[in-house]
Amino acid sequence: MPPATTAAGTAAVPTPEERQSVRATLKNPRWLKTEVLAGLVVALALIPEAIAFSIIAGVDPRVGLFAAFTMAVTTSILGGRPAMISAATGAVALVIAPLMASHGLDYFIAAVILAGIFQIVLALVGAARLMRFVPRSVMVGFVNALAILIFMSQVPELIGVPWAVYPLTALGLAIVFLLPKLTTVVPAPLVAIIVITAIVVPLGMEVPTVGDKGQLPESLPALFFPNVPFTVETFQIIAPYALTMALVGLLESLMTAKLVDDITDTRSDKTRESWAQGTANMVSGFFGGMGGCAMIGQTMINVKASGARTRISTFLAGVFLLILVVALGDVVGLIPMAALVAIMVFVSWATFDWHSLRPTTLARMPVAETLVMASTVVVTVATHNLALGVIVGVLVAMVAFARRVAHLVSVDRTLENRDGRDTAVYTVHGELFFASSNDLYTMFDYHGDPQHVVIDLTDSHLWDASTVAAVDSVTDKYAHYGKTVRIVGLNEPSRRMRARMSGMLNQGGH
């Protein structure tokens, strides 16, 4: 529906949810123009990237370009995150390139299709819900590492090139940075492409162009069925690559979706996005594409640089790409790489979370949080693997959390006279799990305590087998000194866990 109007008759500011409505956008010419132009800019930026990723994977450029088309169109219809761009990506290309080198294209495509199946299975078992365990510091590290990788990917385009590339790139940067301050009627990246191309072509300047990246396809993608035997041996060959591709692609897609959620102030359906990614990879494979996942750089061009918010821009990005490479390949091939480099450098700058590096922010941030962010950035940049960086960041965050929680457990000791007997009463405060319960054994005076001991667990909770074993160790130590111990205050879940496991965990248990 169109944006509501106020009593004065002026258009009210649309909510984020209204802005990403396809129906409302189709009824609003200004919004629709933004989506169409954004799709065109993304399509132009996708072409050299898809060709480059094809080269990384060791396949013909058509394989990457067809993947960009099929994945963008499929996820625009099925995906759970509007305006997110999915296509062939470098991370997926790196994962699956060895299979192409060792077994050829048919096994390569079979692995892409199997990866899609794995992603659908992961979606059905609720893998997307694991995103709740990704801390904010890992997300900040992911974003910053991504910005660095985007910038690093453009550096080779500026080395060993004709001198004219540098002023052209500077002009492109000036356009994308300054034009939005004057007007947002036309996306600044599109203006940069048009202006720089209009300078280079008439003057016949010898600078690298999109056409130099590889041959563009001259026909539409056709159905492709990989010629591989349907045997267990084939599955054993392609399954490791397919599973790795599925996990890397899913993690990158879900992290990118979360980032777009934050930028647009809207929520996305991560489970729907997960199985949509799987379906897109299967469709890509059956059309001879290399598969992929969400592309953070192109997504930022779409959402942040161009202001798109709906599925329309994503769908048109795929459609425009196919039209450009098949029908207008000769024209697209003339676009100078300097224009696209300028756009990607701007995306890198806009993606980086500069606030996270301010001295005031670092001074207030706990050291552990900064360490988590830094470890995510370092591993990601060192390996060029966003998924691995996120995994390491989450592991560091878990260790830091466990160390913090482990120190939150305290034990208070008092001596009382209960039923005419001297009794040592220990009151345990805090959550007891593998990290915090390891030191529990050392917090009791086994030799100095009277014959009767009470351990009050009213203010704590037993979370795992390690804690039950620790409690057993305490009672066994007192028994060694001939003293009796009574455990009191266990809540019902803790009582059931101790009743089920007590006496079975330590050496000598049966």
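This chain uses plain numbering: 1 for the first residue, then up along the sequence. Computed from a predicted model, the values in this text were never measured in an experiment.
- Side-chain contact between Q277 and M71: present, with at least one pair of heavy atoms (C-beta onward) separated by less than 4.5 Å.
- Residues L220 and F66 form no side-chain contact, since every pair of their non-hydrogen atoms from C-beta on lies 4.5 Å or further apart.
- Heavy-atom contacts from other residues, nucleotides or ligands closer than 6.0 Å to CZ of F151 number 12 or fewer.
- Between the D106 side chain and the N227 main chain, a donor and an acceptor come within less than 3.5 Å of each other.
- For the pair L251/L247, no side-chain contact is recorded, criterion being any heavy-atom separation below 4.5 Å from C-beta on.
- Note that OG1 of T383 is 4.5 Å distant from CG of L388, once rounded to the nearest 0.5 Å.
- Using modelled atom types, one finds no donor on one side chain facing an acceptor on the other under 3.5 Å when comparing D60 with S54.
- W349 and W354 have tilted rings, their planes meeting at an angle from 30° to 60° on a 0 to 90° scale.
- Judged by distance alone, with hydrogens and angles left aside, the side-chain atoms of Q298 form no donor-acceptor pair with the main-chain N or O of V42 at under 3.5 Å.
- Side-chain contact between L78 and R272 is absent, with no heavy-atom pair separated by less than 4.5 Å.
- T361 places no side-chain N or O within 3.5 Å of a backbone atom of S356 that could act as its donor or acceptor partner.
- Listed for the N281 side chain is no donor-acceptor partner under 3.5 Å among the backbone atoms of V112.
- Remark: R19 engages E35 in a salt bridge, criterion side-chain N to carboxylate O under 4.0 Å.
- Looking at S284, its side chain does come within 3.5 Å of a backbone N or O of G291 through a donor-acceptor pair.
- If you check the side chains of K27 and T25, you find no donor sitting under 3.5 Å from an acceptor.
- Annotation: E492, atom CD; neighbour count of heavy atoms from other residues, nucleotides and ligands within 6.0 Å is above 12.
- Heavy atoms only, all atoms of each residue included: A317 and I85 are closest at CB-CD1, 4.4 Å.
- Contact between I301 and A45 at its shortest, heavy atoms only, is CD1-CB, 3.8 Å.
- Legend: residues meeting side chain to side chain donor-acceptor pair (under 3.5 Å) with T74, ordered by chain and number and at least two apart, are absent.
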Pair E431-V409, side-chain contact (heavy atoms from CB on, under 4.5 Å): steps then yes or no = CA-CA 7 Å; E431 303 299 309; V409 172; 5.8 Å; no
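- Looking at N144, its side chain does come within 3.5 Å of a backbone N or O of D353 through a donor-acceptor pair.
- Ring to ring, F225 and F286 are close: their centroids are under 6.0 angstrom apart.
- In plain terms, the two heavy atoms of I96 and F108 that are nearest each other are CG2-CE1, 3.2 Å.
- Taking the side chain as every heavy atom from C-beta outward, M295 and M84 never approach each other to under 4.5 Å.
- Listed for the S348 side chain is a donor-acceptor partner under 3.5 Å among the backbone atoms of A147.
- Contact between Q20 and T266 at its shortest, heavy atoms only, is OE1-OG1, 3.3 Å.
- Cation-pi geometry between R309 and W31 is not met: the NZ or CZ atom fails to fall both under 6.0 Å from the ring centre and inside 45° of the normal.
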Determine, stepwise, if the pair D261 / R81 fulfils side-chain contact (heavy atoms from CB on, under 4.5 Å).
-> CA-CA 8 Å; D261 289 352; R81 174 62 264 174; 2.6 Å; yes
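- You'll find the side chain of E18 reaches within 4.5 Å of the side chain of T15, heavy atoms only.
- Of the possible polar contacts, one joining the S76 side chain to the V73 backbone as a donor-acceptor pair under 3.5 Å is found.
- The environment of CZ in R62 is sparse: at most 12 heavy-atom neighbours from other residues, nucleotides or ligands sit within 6.0 Å.
- The minimum heavy-atom distance linking V36 with F320 is given by the pair O-CE1, 3.5 Å.
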Candidate pair K258 and T256, rule side chain to side chain donor-acceptor pair (under 3.5 Å), full reasoning | CA-CA 5 Å; K258 190 172 187 297; T256 304; over 6 Å; no
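- Two residues are said to be in side-chain contact when any heavy atoms from C-beta on lie closer than 4.5 Å; M337 and V210 meet this criterion.
- Between the side chains of Q119 and W275, no donor-acceptor pair of N or O atoms lies under 3.5 Å.
- Of all heavy-atom pairs between L254 and S274, the closest is CD2-OG, 3.7 Å.
- Contact check for I343 versus I193: side-chain heavy atoms found under the 4.5 Å cut-off.
- When each of V396, V394, V372 is checked for a side-chain contact (heavy atoms from CB on, under 4.5 Å) with S137, only V372 meets the rule.
- Side-chain atoms of S306 never come within 3.5 Å of backbone atoms of A308 as a donor-acceptor pair (strictly under, hydrogens ignored).
- With hydrogens and angles disregarded, no donor-acceptor distance shorter than 3.5 Å links the side chain of S313 to the backbone of A38.
- A donor-acceptor pair shorter than 3.5 Å cannot be found between the side chains of T299 and N302.
- Side chain to side chain, T234 and T231 meet the donor-acceptor criterion of an N or O pair below 3.5 Å.
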Apply the test side-chain contact (heavy atoms from CB on, under 4.5 Å) to residues E252 and I296: give CA-CA distance (whole Å), side-chain angles for both, the deciding distance (0.1 Å), then the verdict.
-> CA-CA 8 Å; E252 285 205 32; I296 186 73; 5.9 Å; no
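- Interatomic distance, E49 CD to I51 CD1, rounded to the nearest 0.5 Å: 10.5 Å.
- Annotation: F224 is not in aromatic contact with F287 [ring centroid separation under 6.0 Å not met].
- Rounding to the nearest 0.5 Å gives a distance of 11.0 Å between CD1 of I196 and CD1 of I194.
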Give the intermediate values and the outcome of side-chain contact (heavy atoms from CB on, under 4.5 Å) for residues T376 and M373.
-> CA-CA 5 Å; T376 304; M373 180 186 72; 5.8 Å; no
